[in-house]
Amino acid sequence: MTRARRRLLGRILFWVLVAAILVYLLFPFYWALNSALKTQRELIQTPATFWPEQLTFQNFRSVFANDRFLRALLNSTIVAVSVTALSLVVGAFAGYALGKMRFRGRGPSLYVILAMTMFPQIAVLAGLYAVIRVLGMPAIPSMILSYMLFTLPFTVWVLTSFFKGLPVTLLQAAQVDGATLMQSFRMVLLPLTAPALVTTGLLAFIQAWNEYLFALTFTVVEPKARTVPVAIALFTGEVARQEPFGEIMAGAVVVTIPLVILVLLFQQRIVAGLTAGAVKG
Amino acid sequence: MDQAHRDEQRPERRRGRSLLARMEERTAILLLVPSFLILILIAFYPFGQVIYSSLTSARFASDEPTRFVGLQNYQKLLSITIRELPLKRDANGDVVLRDGVKQYESWVRVLPRPNNPGRGAMRSAILVPRAVITAVSARIWEWMLQPSRAGLFNTVFSYLGINDGSTNFFGDRHLQLPSMIVMDVWKTTPFMALLLLAGLATIPSELYEAAEVDGASKIRQFFSVTLPLLSPTLAVALIFRTLDSLRVFDIFQIVLGNQRFSMASYTQYLLIGQRELGMSSAASVVIFVLIFAFAILYIRTLGVDTE
């Protein structure tokens with residue numbers, strides 16, 4: 001085989017591989033969309049069809065007419081936004097202290113935070129559930145508070161390393177100008193942290209939007225407070241028959257599209273945040 | 001006179017400096033208080049409670065008084081494990097890992113080349129599974145794996161003549177875990193790919209140029225340059241995935257329900273389905289210990305320093 005031919009073959013194989021990976025990654029999502037656009041009859045027909053023969057938006061209409069689903073969208077939005085805001089505020093404080101100040105107990109505090117990033121939710125499930133039952137706390141505040149278990153340590157960790165990377169001279173200049181520690185934090189450091197805040201905020205939002213274990217457990221006695229993952233997992237149609245997969249797929253598409261858009265818009269930042277601390281050097 | 005003046009000033013200056021340092025320390029602690037209060041409330045206290053309840057016979061909504069039972073719950077768990085789940089849970093986590101990482105490894109090689117025209121699109125596409133809610137992806141895969149030819153896999157398999165189009169992926173005990181593994185690997189591909197991509201980016205391109213000059217083939221380059229230099233990243237990825245797959249919950253609970261449990265879905269079932277606070281707590285502690293062991297490994301491998 002000549003060199004040119006081998007190169008051509010290599011390129012063809014390469015693109016075949018790329019295409020195969022793309023299909024693998026995107027096909028389940030296509031299949032959800034495909035199923036959501038089918039009529040009920042075509043949906044349960046065998047063998048399954050690879051594109052809808054008769055396009056219908058009926059499934060989407062029923063999803064948007066479903067009170068429980070809309071309620072879940074609202075609940076999820078409230079929970080995810082609150083968790084994000086809360087962990088950014090509290091996390092920025094802690095990150096500032098750990099990244100830019102000297103005090104006794106800094107090392108141990110950092111270790112505790114790092115250890116907490118790996119703390120499994122399931123380990124505190126029974127304890128949290130008991131606490132919430134005793135306090136009689138409603139499900140939505142319970143979720144907001146308990147989601148900090150996985151958003152806060154990560155936020156603190158990333159923001160600490162970010163603050164540490166900012167030049168000390170900035171702080172010193174602010175102090176020479178007579179700014180207090182908190183003033184220099186608010187007026188000098190915080191604006192510079194914006195990119196890190198966006199990254200960690202997005203990841204916190206996605207995690208909170210995604211959470212299922214706590215949401216399922218805490219809403220057992222309070223179905224009104226169900227979030228999107230729980231609603232999708234327990235989705236039942238208006239009429240009690242077999243599982244309404246057409247509507248479930250429509251719901252799946254509806255809740256996925258905003259996140260896909262968000263993720264694609266902030267691709268670079270998310271990539272940076274996800275791999276933060278994973279590779280040395 | 002000069003000397004006296006200086007002597008007068010020095011202690012004052014020292015006190016001034018330590019005042020500043022003390023102020024800094026006080027501010028720092030104030031700033032840390034909210035974080036630690038929250039962590040105490042939602043992590044340390046509940047975890048203490050879990051450890052305590054794991055040694056008792058506590059149940060929800062029961063008239064029986066709670067008794068201290070020592071390690072009985074752990075004993076019960078162990079006997080259930082031996083009877084029902086003969087170490088399969090561990091093996092499962094392992095399979096997810098090994099298969100997964102191998103797959104990612106080969107795919108990711110495609111990505112990092114600079115000036116690769118498909119790279120941008122690929123980068124975006126690879127994030128899609130990450131953006132899908134786990135519960136949603138579980139339902140999508142559940143639909144694709146339907147036990148009749150209304151499902152994608154049975155349709156495709158019957159066209160290819162692999163089966164008769166009625167394989168029950170979730171009912172057949174031998175196919176349950178492979179189905180879960182496929183779902184989990186799909187969902188976590190992006191994270192692994194990105195992690196390894198970050199690792200690949202740290203390999204200097206001169207090494208490949210040098211290998212090229214020495215006449216090493218692409219395959220040889222992969223084994224002699226890429227793999228050894230990527231191994232720290234691979235180790236980290238492996239541990240991340242282990243921690244993650246050891247606590248797998250969503251897909252098991254949604255798709256298999258009470259048919260077959262993962263460690264986490266069994267723990268949740270004990271708590272909510274059976275109201276066995278004590279048993280559920282014991283299961284939590286076991287998972288925690290397992291994950292903790294891996295976490296220590298993680299910190300050792302990374303050589304995390306706090307300075």
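Quick caveat, the model's predicted, so the values are computed rather than measured. Chain identifiers are assigned alphabetically (A, B, ...) following the order of the sequence lines, protein sequences preceding nucleic acid strands; residue numbering begins at 1 within each chain.
Contacts with chain A were tallied for Glu142(B), Arg26(B), Arg247(B), Gln49(B); Arg247(B) has the most, counting heavy-atom pairs under 4.5 Å. Interface check for chain B: of the options Leu128(A), Thr155(A), Leu86(A), the most heavy-atom pairs under 4.5 Å are formed by Leu128(A). Of the listed residues (Ala130(A), Ala97(A), Ala123(A)), the greatest number of heavy-atom pairs within a distance under 4.5 Å of chain B belongs to Ala123(A). Interface remark: of the candidates Phe185(A), Trp31(A), Phe27(A), Trp31(A) forms the most heavy-atom pairs closer than 4.5 Å to chain B.
For chain B, the nearby parts of Val90(A) are the backbone and the side chain; heavy atoms of each come within less than 4.5 Å. With a 4.5 angstrom heavy-atom cutoff, Met249(A) touches chain B only via side-chain atoms. Of the atoms belonging to Leu149(A), heavy atoms from both backbone and side chain fall under 4.5 Å from chain B. For Ile113(A), the part sitting under 4.5 Å from any heavy atom of chain B is the side chain, from C-beta outward, and nothing else. Looking at Val112(A), only its side chain comes within 4.5 Å of chain B, counting heavy atoms on both sides. For a residue to count as touching a neighbouring chain, one of its non-hydrogen atoms must lie under 4.5 Å from one of that chain's; by this rule Phe47(B) touches chain A with backbone and side chain alike. Contact annotation for Ser109(A): both backbone and side-chain heavy atoms come within less than 4.5 Å of a heavy atom of chain B. There is no contact between Val89(A) and chain B, counting heavy-atom distances below 4.5 Å. Contacts of Val285(B) with chain A are absent, with no heavy-atom separation under 4.5 Å from either backbone or side chain. Heavy-atom distances place the side chain of Pro153(A), and not its backbone, under 4.5 Å from chain B. Both the backbone and the side chain of Val260(A) come within contact range of chain B, with heavy atoms under 4.5 Å apart. With a threshold of 4.5 angstrom between heavy atoms, Met148(A) approaches chain B through its backbone and through its side chain.
Classified by interplanar angle (parallel below 30°, tilted 30° to 60°, perpendicular above 60°), the ring pair Tyr147(A)/Phe214(A) is parallel.
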Test log, rule side chain to side chain contact (heavy atoms under 4.5 Å, CB included), inputs Leu41(B) and Leu37(B): CA-CA 6 Å; Leu41(B) 187 67; Leu37(B) 264 184; over 6 Å; no

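Of the candidates Ile254(B), Val136(B), Ile133(B), Pro229(A) forms a side-chain contact (heavy atoms from CB on, under 4.5 Å) with just one, namely Ile133(B).
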